[in-house]
There are 2 protein chains.
Amino acid sequence: MKLSSYISVDCVVLGYDSEQLNVLLVERKLDDKVNDSPFEPDWTLTGNHVYLDEDIEEAANRVLYDLTGFSEIYLEQFKTFAAPDRLLKPKDQVWLKSIGMDPLKRVVTIGFFALLATQKVSLKWMGRNVKWTPVKEVGDLAFDHNQILDSALIAIRNKMRHEPLGFELLPEKFTLTQLQQVYEQIFDAKFDKRNFRKKVNRMQYVIALDEKQKGVPHKPAQLYKFSREIYEQTKRELLEFFV
Amino acid sequence: MKLSSYISVDCVVLGYDSEQLNVLLVERKLDDKVNDSPFEPDWTLTGNHVYLDEDIEEAANRVLYDLTGFSEIYLEQFKTFAAPDRLLKPKDQVWLKSIGMDPLKRVVTIGFFALLATQKVSLKWMGRNVKWTPVKEVGDLAFDHNQILDSALIAIRNKMRHEPLGFELLPEKFTLTQLQQVYEQIFDAKFDKRNFRKKVNRMQYVIALDEKQKGVPHKPAQLYKFSREIYEQTKRELLEFFV
DNA sequence: TTACATAGTGTAACTTGTACACTAACTTAC
DNA sequence: GTAAGTTAGTGTACAAGTTACACTATGTAA
């Protein structure tokens with residue numbers, strides 16, 4: 001299959017693990033490095049080329065499927081990066097020449113963000129090391145991937161003001177404390193527990209289950225679920241979220 | 001200058017003219033048409049190829065400058081379109097072959113929206129007919145440009161919920177009725193005049209000028225201006241807009 | 001049985017949203 | 001210069017939402 005080599009997708013995969021918000025990073029292989037310096041950053045976001053007969057959404061889903069084994073992950077395009085000095089890897093330049101194509105100087109990449117609960121993921125990707133890193137502790141990434149990550153976080157925050165994305169970071173059954181923590185992490189803010197719960201109570205699409213948390217060394221919390229159906233019906237009235 | 005032919009930008013240029021929200025369309029030339037049928041739509045959004053040494057933001061600004069003669073227009077990337085069946089024009093395919101490049105089947109285009117007050121614009125572009133069309137009366141456009149327009153309107157609405165984009169559609173000095181009309185057009189809604197003004201009054205960055213409207217056949221309205229400086233200082237407190 | 005940890009709950013003061021109708025100021029036509 | 005036409009500009013009462021704040025309840029583990 002031929003690659004349209006100059007178009008790629010990069011996925012900012014965010015996961016919440018009951019403590020913090022994490023981003024999925026993959027370790028670079030040696031032959032990915034642009035020069036031989038050992039000081040180049042070792043970690044990148046997940047991404048891949050886009051095939052010629054493939055839409056970019058398909059390509060991003062393919063990356064996520066290879067990574068997690070799941071295909072129903074929340075995924076959304078947020079920005080395209082095309083600065084002329086974006087780097088094409090040397091091995092790709094060689095390969096492009098070998099098939100008679102112009103080894104262009106830049107790769108245009110379409111940034112996607114994906115949201116999921118970390119426990120779902122198997123963490124294997126093309127034989128490389130993969131790790132969750134707390135978003136607040138991400139160091140230098142390769143290429144312009146720090147910039148892509150920052151843009152993703154801004155896009156997610158903006159979208160979360162008026163769409164119920166927070167639930168995508170939680171398992172199907174969750175506690176209100178977990179929900180609150182998700183929003184606190186995303187917006188880097190602290191909310192008042194009672195006021196937060198008052199607001200959730202007004203959301204008819206957050207439904208209390210007949211079930212409690214298990215295996216915790218303290219009072220177990222009530223579990224809730226999110227109903228997208230009810231949300232779709234009532235969203236006109238209840239649009240504002242937590243920030 | 002060589003073109004990186006498979007990347008283009010398309011600009012959804014929106015203008016407000018004291019009555020309605022309009023979008024700028026350009027007429028196609030005959031040799032743009034994919035086949036000879038006279039039934040193909042005659043109008044498109046403005047767009048162009050992206051040069052190899054050019055970022056996409058630069059390319060979009062170039063399109064806007066060619067069109068309007070202005071270079072300080074509010075412009076923002078909103079979505080990238082890359083469906084495999086997006087069409088490359090026949091003349092471009094011929095041209096790409098002539099310079100030894102693979103005539104790929106699709107053009108990846110990055111969609112931008114631009115906001116301005118219509119009176120600013122001179123309306124000339126590459127020798128073609130250009131016209132403002134009320135957004136509500138746009139008919140069939142060429143390629144997937146109706147889809148691009150719809151996506152732009154959704155992106156603008158979402159952004160306008162928490163950023164002061166409405167002012168970009170007005171001249172520097174505007175009346176509160178004009179401001180209200182902009183938001184009514186964008187959100188396709190009617191607001192109560194007194195409540196709207198109450199809300200504006202709370203926005204310290206909308207400043208009453210010592211000046212009134214002129215040349216209107218009725219009571220002239222107070223003029224106001226928007227101060228981005230004050231907005232930047234106070235935005236944490238006053239984030240919500242009109243919808 | 002006690003210590004520990006987190007869950008879960010209510011109220012009062014204040015701010016914002018909503019619904020609603022008349023007078024003021026200017027121009028034009030007669 | 002008077003009347004008709006047009007848009008500007010204003011206030012109030014009620015409902016809803018926001019904010020700040022501290023204690024009791026229920027489970028586990030030692």
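Just so you know, these numbers come straight off a predicted model, no measurement behind them. Protein chains get the first letters and strands the later ones, always in sequence-line order, with residue 1 at the start of each.
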Among C:dC26, C:dT28, C:dG8, the nucleotide that comes nearest once only the side chain of B:P220 is considered: C:dC26
Spacing of B:K214 atom NZ relative to D:dA8 atom P, expressed in whole Å: 17 Å
Closest listed nucleotide, where the reference is the side chain of A:K198 and the choices are C:dC20, C:dT9, C:dT11: C:dT11
Matching residue for B:L25 among B:T46, B:V130, B:L141 - test: side-chain contact (heavy atoms from CB on, under 4.5 Å): B:L141
B:E172 atom CD: more than 12 heavy-atom contacts under 6.0 Å: no
Spacing of A:F196 atom CZ relative to C:dT9 atom P, expressed in whole Å: 15 Å
Distance in angstrom units between B:D192 CG and D:dG9 C1', rounded: 13 Å
Sugar-phosphate only, base, or nothing, as touched by A:T175 at under 4.0 Å among non-hydrogen atoms: nothing
Nucleotide nearest A:R194 when distance is taken to its side chain, options D:dG9, C:dT9, D:dT18: C:dT9
Residue met sooner reading DNA chain D from 5', once B:N195 and A:H218 are mapped to nucleotides: B:N195
C:dT16 OP1/OP2 closer than 4.0 Å to side-chain N/O of B:K199: no
Sugar-phosphate only, base, or nothing, as touched by A:Q222 at under 4.0 Å among non-hydrogen atoms: sugar-phosphate
Salt bridge A:E168-A:R228, side-chain N to carboxylate O under 4.0 Å: yes
Candidates C:dG17, C:dA7, D:dG9 - which lies nearest the side chain of B:A221: D:dG9
Whole-Å distance separating the CG atom of B:L176 from the P atom of D:dA8: 9 Å
Donor-acceptor pair (no angle test) under 3.5 Å: A:K193 side chain, C:dG8 base: yes
Atom OH of B:Y65 with >12 non-hydrogen neighbours under 6.0 angstrom: no
Nearest-angstrom distance from the residue atom NZ of A:K219 to P of C:dT9: 7 Å
Short side-chain to backbone donor-acceptor contact, A:R157 and A:I186, under 3.5 Å: yes
Between P of C:dT18 and NZ of B:K190, the distance in whole Å: 17 Å
Spacing of B:R197 atom CZ relative to C:dA19 atom P, expressed in whole Å: 18 Å
A:R202 side chain near D:dT18 phosphate (N/O to OP1/OP2, under 4.0 Å): yes
Length of the OH-P vector between B:Y224 and D:dG9, whole Å: 6 Å
